[in-house]
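Below you'll find the structure, written out as structure tokens, and then a few comments.
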Amino acid sequence: QVQLVESGGGSVQAGGSLRLSCAASGGSYSDGYIGWFRQAPGKEREGVALIRIRTGDTGYADSVTGRFTISQDNAKNTVYLQMNSLKPEDTAMYYCASAGGHLTFLHRFNKSRYNSWGQGTQVTVSS
């Protein structure tokens, strides 16, 4: 099973940027997906972005479209989440996770389809 480690979180002011990294090791995920999720205190964990490793196809939640960009560096086994124009409502713990098989559009952020999760990295955006 793949192991995932997130990094890059921190505290920024509204309008700022951060780049999160998700380093993968110890398993095969090249036929599947890496997704980024976030969870704010008292709220459900929600999907933010995902990338299909083999094709590079990406998907985003409506709330981050146009501000966040997911990308991959296969040589480094790392997936990135570039976050621009950050808002206070983006404050959350951010997790990356891997999913195998094929995800339909409807289930692209279905947490039960993701079988490996990182420990999370905190993002705090102040107004």
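Because only heavy atoms are used, hydrogens play no part in the values below, and waters and symmetry mates are left out as well, while side chains stay in.
Under the side chain to side chain contact (heavy atoms under 4.5 Å, CB included) criterion, D57 pairs with R52, T55, sequence neighbours left out. Residues satisfying the side chain to side chain contact (heavy atoms under 4.5 Å, CB included) test with T58, not counting sequence neighbours, are I51, Y60, I70. Under the side-chain hydrogen bond (donor to acceptor under 3.5 Å, both in side chains) criterion, S127 pairs with no residue, sequence neighbours left out. Here S30 pairs with S28, I53, R54 under the side chain to side chain contact (heavy atoms under 4.5 Å, CB included) rule; sequence neighbours left out. Qualifying side-chain hydrogen bond (donor to acceptor under 3.5 Å, both in side chains) partners for R108, counting only residues two or more places apart in sequence or in other chains: none. With sequence neighbours excluded, the residues forming a side chain to side chain contact (heavy atoms under 4.5 Å, CB included) with S112 are N110, listed by chain and number. By the side-chain hydrogen bond (donor to acceptor under 3.5 Å, both in side chains) test, E89 pairs with no residue at all, sequence neighbours left out. Residues passing the side-chain hydrogen bond (donor to acceptor under 3.5 Å, both in side chains) test with T91: none are found, sequence neighbours excluded.
Nearest approach of Q122 to T124, heavy atoms of both residues: NE2-OG1, 3.4 Å.
Among residue pairs with one or both ends in residues 98-127, none qualify as disulfide bond (SG atoms under 2.5 Å apart); sequence neighbours excluded. A disulfide bond (SG atoms under 2.5 Å apart) check over residues 23-68, counting only residues at least two apart or in different chains, returns nothing.
Residues Y114 and Y33 keep their aromatic ring centres 6.0 Å or farther apart. Between W36 and F68, the distance from one ring center to the other does not fall under 6.0 angstrom.
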Show me the side-chain donor-acceptor pairs of residues 92-99 shorter than 3.5 Å, one per line, residues at least two apart or across chains.
| from | atom 1 | to | atom 2 | distance (Å) |
| --- | --- | --- | --- | --- |
| Y94 | OH | R38 | NH1 | 3.0 |
| Y94 | OH | D90 | O | 2.6 |

Expected list for residues 17-27: side-chain donor-acceptor pairs under 3.5 angstrom, two or more places apart:
| from | atom 1 | to | atom 2 | distance (Å) |
| --- | --- | --- | --- | --- |
| S17 | OG | N84 | OD1 | 2.9 |

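In the displayed structure, Q13 atom CD is contacted under 6.0 Å by at most 12 heavy atoms of other residues, nucleotides or ligands.
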